[in-house]
There are 4 protein chains.
Amino acid sequence: MGNIKLEIASRREREWYRHRREILSAAEELLVEKGFEKTTMQDIAARAEFAVGTIYRFFKNKKVLFEELFLESWRDIETKLNQALDQPGDELARLQAYHRTCVMLIVENETMARIFYGQMANFSIDPYVGIVGEFREIMKRLLGRLEALFRSGIEKGRFVDLDARVLAIGFDTLVGAYLAVLLGEEKPMDVNAWIKTINRMFFNGIMVHSSNEP
Amino acid sequence: MGNIKLEIASRREREWYRHRREILSAAEELLVEKGFEKTTMQDIAARAEFAVGTIYRFFKNKKVLFEELFLESWRDIETKLNQALDQPGDELARLQAYHRTCVMLIVENETMARIFYGQMANFSIDPYVGIVGEFREIMKRLLGRLEALFRSGIEKGRFVDLDARVLAIGFDTLVGAYLAVLLGEEKPMDVNAWIKTINRMFFNGIMVHSSNEP
Amino acid sequence: MGNIKLEIASRREREWYRHRREILSAAEELLVEKGFEKTTMQDIAARAEFAVGTIYRFFKNKKVLFEELFLESWRDIETKLNQALDQPGDELARLQAYHRTCVMLIVENETMARIFYGQMANFSIDPYVGIVGEFREIMKRLLGRLEALFRSGIEKGRFVDLDARVLAIGFDTLVGAYLAVLLGEEKPMDVNAWIKTINRMFFNGIMVHSSNEP
Amino acid sequence: MGNIKLEIASRREREWYRHRREILSAAEELLVEKGFEKTTMQDIAARAEFAVGTIYRFFKNKKVLFEELFLESWRDIETKLNQALDQPGDELARLQAYHRTCVMLIVENETMARIFYGQMANFSIDPYVGIVGEFREIMKRLLGRLEALFRSGIEKGRFVDLDARVLAIGFDTLVGAYLAVLLGEEKPMDVNAWIKTINRMFFNGIMVHSSNEP
DNA sequence: CATGAATGAGATTTCATTCAT
DNA sequence: CATGAATGAAATCTCATTCAT
């Protein structure tokens with residue numbers, strides 16, 4: 001008996017979560033296709049195959065819907081990047097793990113990575129969704145960790161004595177640039193070629209002994 | 001008589017052009033403040049101190065207004081960057097001129113640079129402004145020139161033998177990263193420190209003989 | 001067996017009736033708190049601790065729910081006021097009984113009295129609740145009885161020869177004014193002071209021999 | 001030249017005011033016919049023969065529209081009643097002037113009087129229009145003046161020594177009762193008969209020397 | 001020409017009602 | 001029967017665009 005009840009509750013819950021995901025996915029698709037302001041709740045409802053009213057059972061309003069869409073993805077991204085930075089190994093190994101994770105994220109989760117990875121910062125979304133703050137916090141935390149990593153490398157004499165903050169920003173930006181390429185190019189660039197070239201270009205520039213062959 | 005008419009016509013023309021600029025400037029200000037969709041024609045009219053109807057004498061509709069706003073700025077940016085790349089001197093000197101011009105453009109013309117330089121991506125999401133194509137063309141032309149420059153440097157044995165296209169993209173992105181910093185930081189970063197660090201980091205990585213002290 | 005069935009039926013019936021009351025009470029509370037249009041069926045369901053669908057097993061629709069809510073209260077009020085007017089004693093005594101009953105009703109059953117007693121008017125504006133007719137009938141019957149009482153008093157020479165209808169309306173309105181005071185005042189007025197003053201003011205004005213000390 | 005300009009401005013202004021009145025009148029009609037919540041902006045626009053958007057050029061939103069509708073009428077009512085209370089003559093004369101003015105207001109301006117005169121206080125309008133406060137202030141001011149008048153009469157020994165506040169409320173309510181009659185009756189009651197009876201009934205009850213024959 | 005009042009299509013959001021579980 | 005998720009019609013409000021003055 002208890003099991004049956006539990007199962008029923010569980011099924012409901014699972015269904016609820018599935019519907020929520022369907023709505024968020026529809027919203028994500030439309031966000032890419034039409035942008036935030038041009039995506040209407042009618043659009044989302046139609047794409048998710050629900051009635052408009054149903055959308056509002058899951059999300060208080062349009063703003064909240066998109067905020068939750070962003071936050072869920074961003075937090076996932078932050079977690080994964082943190083895991084990369086927490087890997088065992090020296091500074092170089094960690095940065096390379098960060099790099100690989102970024103590329104993976106971009107490939108796996110293009111939409112959100114596109115927005116998250118440097119390409120968002122302000123635009124059409126900015127004035128409407130009051131979420132930029134959270135986004136900036138996440139960015140600030142990640143940049144802070146990168147900066148610490150570079151500082152540690154500089155102190156240990158592994159990296160040349162450049163501004164750790166600029167290095168962190170530069171590294172992060174370079175890594176993110178792959179996205180811009182993905183967007184702009186008709187034929188997507190080869191991931192490995194990209195990683196290899198960035199590694200050489202960037203780390204050759206900052207390693208004290210340029211014996212870095214990844 | 002003919003001269004007078006010409007003068008009158010000329011004055012009219014100049015006035016017409018001046019009004020057009022006032023409208024575009026108002027639109028630019030509002031674009032930064034409120035974003036594209038949230039900026040109304042009434043807003044623009046009020047800011048430019050014209051009547052709404054008057055705006056429509058200058059621009060067929062809202063879409064065209066913003067397209068012309070972007071195109072004018074972007075073409076100006078392209079011209080200036082081309083001039084930098086056309087300077088006398090070797091590849092390194094030209095890249096450094098490009099770099100300096102970018103920073104100058106960002107500082108002088110933040111609004112458009114912000115949109116142009118790397119922040120464009122989620123603008124590309126918005127199909128309303130059907131101008132992304134033109135933007136990509138400009139980018140493609142500039143990247144093509146950068147790529148050629150790198151290829152030339154590699155062929156002359158001045159740069160290490162990396163993929164010229166990746167180098168071009170990487171360089172351009174790094175240069176544009178200054179904008180992200182401007183946006184994200186409370187206290188703006190020192191321009192010179194930035195230029196110096198990027199120069200070292202990047203060119204140390206790709207110069208065959210790292211005797212580059214700008 | 002028959003008895004058992006009867007008992008079961010009876011218990012069901014009693015439960016059905018109890019649930020119906022719970023729903024009506026919830027609706028009444030919300031009516032006061034939020035007004036008719038702003039009270040949603042979801043609100044009522046939540047307050048009554050039933051599911052929305054259940055509400056519809058008791059009442060065909062929202063309109064009917066509120067109609068039944070009003071009618072039940074109003075019929076109760078009519079019954080009690082009729083009992084007051086049926087009391088033994090002369091005209092004055094009956095009017096005073098009517099008066100006391102009104103005050104009691106207002107105190108005991110503020111919500112409905114508020115709607116019933118004089119505050120109804122701009123409810124009559126609302127055509128949604130098609131119940132105004134029934135309300136008017138009840139009012140008409142009660143006013144008719146009051147008018148007859150005044151006419152009888154006038155004929156017996158106990159009241160001065162004024163228009164019985166206007167007297168009835170005036171009396172009824174004065175009595176109802178206590179409600180307006182209850183609503184408008186921060187510190188509620190003393191019931192006894194109110195009754196005493198109204199008695200004197202009103203009956204002094206219409207009694208032939210003003211020896212009326214209630 | 002100046003005159004022409006002035007005239008043009010004036011014409012615009014007059015037209016603006018006229019349109020505003022047309023909208024308010026349409027809203028008032030519909031308020032009586034359908035109630036506040038059931039009256040839609042579409043309704044008002046259709047009745048006033050404007051487009052919906054036009055209504056919003058005159059009133060920020062529905063709430064404000066109705067607030068201005070009420071306030072304008074209420075302030076007019078307050079002014080007229082104050083004028084009645086400011087008339088030369090003794091307390092009795094002023095109260096009778098107040099009474100006559102009320103009846104006149106009710107007859108001339110039924111809708112607003114209906115809402116203003118005791119019949120509003122709380123209902124469908126209450127939870128939506130945040131104007132009840134202003135309404136109560138006006139009521140409080142008027143009741144205050146009535147109370148002072150009664151107190152003055154009591155002190156001069158012209159009225160019997162009853163609670164001045166209850167007298168004020170009672171008088172005001174009685175006077176307003178005519179409205180309830182207007183609403184409930186098919187054949188409207190004779191104004192003069194009403195005034196005469198109320199005068200006698202009420203003032204007989206409170207005058208020390210009942211030589212009051214108006 | 002310039003003006004800005006008027007327009008009305010379209011967006012967001014609510015909520016009475018239904019119906020599969 | 002009870003439930004409450006789903007529905008979609010309808011309400012409010014916005015704003016690009018037109019056009020009489």
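Throughout, a chain's letter reflects where its sequence line sits, starting with A, and its residues are numbered from 1.
The distance between atom CG of B:Leu30 and atom P of F:dC15, rounded to the nearest whole Å, is 13 Å. The interatomic distance linking A:Trp16 (CH2) with F:dA6 (C1') rounds to 15 Å, in whole Å. Atom CD of B:Glu15 and atom C1' of E:dC1 are 12 Å apart (whole Å). Atom pair B:Met41:CE and F:dC19:P shows a separation of 16 Å (rounding to whole Å applied). The interatomic distance linking B:Ile23 (CD1) with F:dA16 (C1') rounds to 15 Å, in whole Å. Rounding to whole angstrom units, CD of residue D:Glu37 and P of E:dT14 are separated by 14 Å. If you take NZ of B:Lys38 and P of E:dA11, they are 13 Å apart, rounded to a whole angstrom. Between the P atom of F:dA2 and the CD atom of C:Glu22 lies a distance of 13 Å, rounded to the nearest Å.
If you check F:dC1, E:dT14, E:dA2 against the side chain of B:Arg57, the one that comes closest is E:dA2. Ranking F:dG4, E:dG4, E:dT13 by closeness to the A:Val52 side chain, first place goes to E:dT13. Checking F:dT12, E:dA6, E:dT3 against every side-chain atom of D:Phe50, the shortest atom distance belongs to E:dA6. For A:Thr40, the listed nucleotide lying nearest its side chain is E:dT12; candidates were F:dA2, E:dT12, E:dT3. With F:dT12, F:dT3, E:dA6 as the candidates, the nucleotide lying closest to the side chain of D:Lys62 is F:dT12.
Side chain of D:Lys38 to backbone of D:Glu33: no donor-acceptor contact under 3.5 angstrom is found.
Counting heavy atoms from C-beta outward, A:Leu31 and A:Phe70 have side chains that approach closer than 4.5 Å.
Comparing C:Ala51 and A:Glu49 by the nucleotide of DNA chain F that holds the closest heavy atom to each, the one mapping nearer the 5' end is C:Ala51. Place D:Ile55 and A:Gly53 on DNA chain E by their nearest nucleotides, and D:Ile55 ends up nearer the 5' end. Sequence order on DNA chain E of the closest nucleotides to A:Asn61 and C:Thr39 puts A:Asn61 first from the 5' end.
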Next item on the list: Evaluate the side chain to side chain donor-acceptor pair (under 3.5 Å) criterion for residues C:Asp43 and C:Thr40: first the C-alpha distance (whole Å), next the side-chain angles of each, then the deciding distance (0.1 Å), finally the verdict.
Entry: CA-CA 5 Å; C:Asp43 287 339; C:Thr40 71; 3.2 Å; yes

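Other residues, nucleotides and ligands place no more than 12 heavy atoms under 6.0 Å from the CD atom of B:Glu49.
Pairing partner, E:dT14: F:dA9, with both Watson-Crick or wobble hydrogen-bond distances short of 3.5 Å. Figure legend. F:dT21 is base-paired to E:dA2; pairs are counted as Watson-Crick or G-U wobble with both atom distances under 3.5 Å.
Salt bridge present: B:Arg21 and B:Glu72 bring a charged side-chain N and a carboxylate O closer than 4.0 Å. Ionic pairing of C:Arg75 and C:Glu134 is present here: one or more N-O contacts between side-chain nitrogen and carboxylate oxygen are shorter than 4.0 angstrom.
Looking at heavy-atom distances under 4.0 Å, C:Phe58 makes no contact with the nucleic acid at all. Contact annotation for C:Thr54: base contact, defined as any heavy-atom pair under 4.0 Å involving a base atom.
Considering only side-chain N and O atoms, D:His19 lies under 4.0 angstrom from the phosphate OP1 or OP2 of E:dA6. In this structure, D:Gln42 does not reach the F:dA11 phosphate: none of its side-chain N or O atoms is under 4.0 Å from OP1 or OP2.
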